[in-house]
Protein chains: 2
Amino acid sequence: MDANLRDLFAFLAVVRAGGFREGARASGMSASRLSESVQRLETRLGVRLLHRTTRSVSPTEAGARLAERLFPALGEVEAALDVVNHDRARPAGTLKLNVPATVARLVLPAIVTPFLKTYPDIRLDVIVEDSYVDMLAAGCDAGIRYDERLEKDMIAVPIGPRIQRMATAAAPAYLETHGRPQHPRDLLAHACLRGQFASGTIPTWEFERDGDIVRVDPTGPLLVRLGAAVDLAVAAAVEGLGIIHLFEAWLQPHLDSGALEPVLEPWWQDFSGPYLYYSGRRHLPTPLRAFVDFVKAAEGDGS
Amino acid sequence: MDANLRDLFAFLAVVRAGGFREGARASGMSASRLSESVQRLETRLGVRLLHRTTRSVSPTEAGARLAERLFPALGEVEAALDVVNHDRARPAGTLKLNVPATVARLVLPAIVTPFLKTYPDIRLDVIVEDSYVDMLAAGCDAGIRYDERLEKDMIAVPIGPRIQRMATAAAPAYLETHGRPQHPRDLLAHACLRGQFASGTIPTWEFERDGDIVRVDPTGPLLVRLGAAVDLAVAAAVEGLGIIHLFEAWLQPHLDSGALEPVLEPWWQDFSGPYLYYSGRRHLPTPLRAFVDFVKAAEGDGS
DNA sequence: ACGGGCTGTACGGAATTTCGAACAATGGAT
DNA sequence: ATCCATTGTTCGAAATTCCGTACAGCCCGT
């Protein structure tokens, strides 16, 4: 009875992802490999592991039992293999991070470059995903999120600037024409450039001043997917199409250059910076360990 | 970082056996595979695992650490894989037994045939080895030995006939010519057909009567390796070359047919039958579990 | 000193595994 | 009912892995 480790990982990926193609996406293997791997396993073991229709896949009782036992066992193997990584002159491996677009753009660049220079044998795999997903299920080692939600066995490490603000701004030309809002409710009479999460929800604009919190839901000519498309909204704002409401860091360069003019600045709402999340229960792969230490050190430096 | 399970097993086999070719013998893989597997592992991990000269091989510090962590981890994986075996209609797999030649000849046939008929999908791999070896190190699931030695975490199950005797006999023609010994010490004046273990030791002949134990070390014209060559000694005894001293069961057919005549029968020493040994610490592979149950059931039947 | 037998490894051919693309089947939306 | 996007699978080519044999090197006994 000889089975291939890769086949076992493949099987587990399919079970955890609940599908072959999804499992392929999460684990970075090809879908055909997963299919063939599972078939091989079933042949070798002589037991059907996955009950599949072309549309969905659910584990057989045997498959469920196998997956349950296999998961910690393979974790042990991975841990054992990772132990020798410490004996390398320089830690190596791949670190798969799951981050929202904002972080990828505003937080990571300052960290990633020196990190990769410090650890030349570590490969970074950044998955940009704004909707909140279970990082482990997505096959990532860790994730970065703004929500300070505490899940069991999840460790959160502050990363990047600790205080960020939501900024509101518009092109001077726009403000000259349409006037400068003095209170958030004035925005309802303005052209506002809104964003939409991948999940479909359109976050309301939130303002705060002296403890007063005001939420407004203005309309406007442009609605962009939050993520990479944010640049489009910023460009539109610079062009004078309307008022934009975003992380201050996104707008900073244009505020500095004068292309955008702050609006309602006293109302800008502070909120805490993002956190790096990872599972403390499982053995930390060396690359993640290195990254966590790196981030903590940078934080301690008073970056 | 993807490693092949087979490579891991290969690495472990080399470490445990203390050599590539020995590891190949114990694990049933080819030596070249072991070499290539270890090289692959080292390349993938980027660490040298085995320090080797062409004559010997010792684990690197990293290799030792890996092996130590890997051994239980792979055991877990094997156990997990074996769990699904229970879901098969009929248990399957290979059972590797390490037995002395005597057992292979006198004890196993009566057990193996009905066992294999009961479990058609189980393959039996019988390694005949008279010298005592560590079964686990030899890559066997279990072993059968006469010595009732208790090692830690070893479980012993009686197997086969519980009482056996050492019989002494010779051809009638020989006894007519040379006379019939009346006491074990008389053997010193006879032509005795001796056996020798693979280790080189020549066991003395032991006799017992009413609590008196007598050991004699007679000489004779023939010395055979205990094992398959025993047939040669028996044939020689039948031909009248001298007196033979063996398990009664070996001689039984010739005693029945009259080709051999019992000698010193009151002195024949009883001793307990063999035991099936296996490690209780590790997870029992399904085929071994089946075999143990089968043996216990046969024993309980009062076979 | 020096063979002899053993070790670990390199090499070619055969088998297995992997990938990308195409395929048939299925379930939800229209 | 029907479309169509998506799923799991199949297929042939490319890469990897595996085996048996042959080689170079070392240890041990004489």
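In what follows, chains carry the letters A, B, and so on, assigned in the order in which the sequence lines appear, proteins first and then strands, with residues in each chain numbered from 1.
For the helix from C:dA1-D:dT30 to C:dT30-D:dA1, the terminal axes (five pairs an end, C1' atoms, rotation from four pairs onto the next four) enclose an angle of 30°, given to 10 degrees.
A donor-acceptor pair is defined here as one N or O able to donate and one able to accept, closer than 3.5 Å; no such pair exists between the side chain of B:D82 and the backbone of B:P285. Side chain of B:R6 to backbone of B:N4: no donor-acceptor contact under 3.5 angstrom is found.
Per the geometry, CZ belonging to B:R25 stands 10 Å off P belonging to C:dG8, to the nearest Å. In this structure, A:D7 atom CG and C:dT18 atom P are separated by 6 Å, rounded to whole Å. What separates CZ of B:R40 from P of C:dT17 is a distance of 13 Å, to the nearest Å. As rounded to whole Å, 10 Å separates atom C1' of C:dT16 from atom CG of A:N4. B:R33 has its CZ atom 16 Å from the C1' atom of C:dT9, to the nearest Å. Between the P atom of D:dG8 and the CG atom of A:L34 lies a distance of 9 Å, rounded to the nearest Å. Between the C1' atom of D:dG8 and the CZ atom of A:F11 lies a distance of 16 Å, rounded to the nearest Å. As a whole-Å value, the separation of B:F9 CZ from D:dT17 C1' is 18 Å.
A close approach under 4.0 Å does occur between a side-chain nitrogen or oxygen of A:R6 and OP1 or OP2 of C:dT18. For the pair B:R44 and D:dT17, the criterion of a side-chain N or O lying under 4.0 Å from OP1 or OP2 is met. Between C:dA10 and B:Q39, a contact under 4.0 Å exists linking OP1 or OP2 to a side-chain N or O. Note on B:R52: every side-chain N or O is 4.0 Å or more away from OP1 and OP2 of D:dC26.
Summarising the local packing, NE2 of B:H86 is surrounded by more than 12 heavy atoms from other residues, nucleotides or ligands at distances under 6.0 Å.
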Just do the side chain to side chain contact (heavy atoms under 4.5 Å, CB included) check on B:L45 and B:L66 with the steps written out, would you?
-> CA-CA 11 Å; B:L45 297 177; B:L66 176 62; 4.1 Å; yes
CA sep, side-chain torsions, deciding dist, call: B:L81, A:L8, side chain to side chain contact (heavy atoms under 4.5 Å, CB included) | CA-CA 9 Å; B:L81 284 178; A:L8 299 184; 3.8 Å; yes
I'd like a table of donor-acceptor pairs (distance under 3.5 Å, sequence neighbours excluded) in which one partner is a side-chain atom from residues 116-124 of chain A, with atom names and distances.
from	atom 1	to	atom 2	distance (Å)
A:T118	OG1	A:P114	O	2.7
A:D121	OD1	A:R90	NH2	3.3
A:D121	OD2	A:R88	NH2	3.3
A:D121	OD2	A:R90	NE	3.3
A:D121	OD2	A:R90	NH2	3.4

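With rounding to the nearest 0.5 angstrom, the OG1 atom of A:T204 is 6.0 Å from the CZ atom of A:R215.
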Using a 4.0 Å cut-off on protein heavy atoms (strictly under), produce a 5'-to-3' string for nucleotides 20-26 of chain C with B for base contact, S for backbone-only sugar-phosphate contact, and - for none.
-> B-B--BS
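The residues B:D231 and B:R105 are annotated as salt-bridged, a charged nitrogen and a carboxylate oxygen being separated by less than 4.0 angstrom. A salt bridge links B:R65 to B:E61: one of the charged nitrogens lies within less than 4.0 Å of a carboxylate oxygen.
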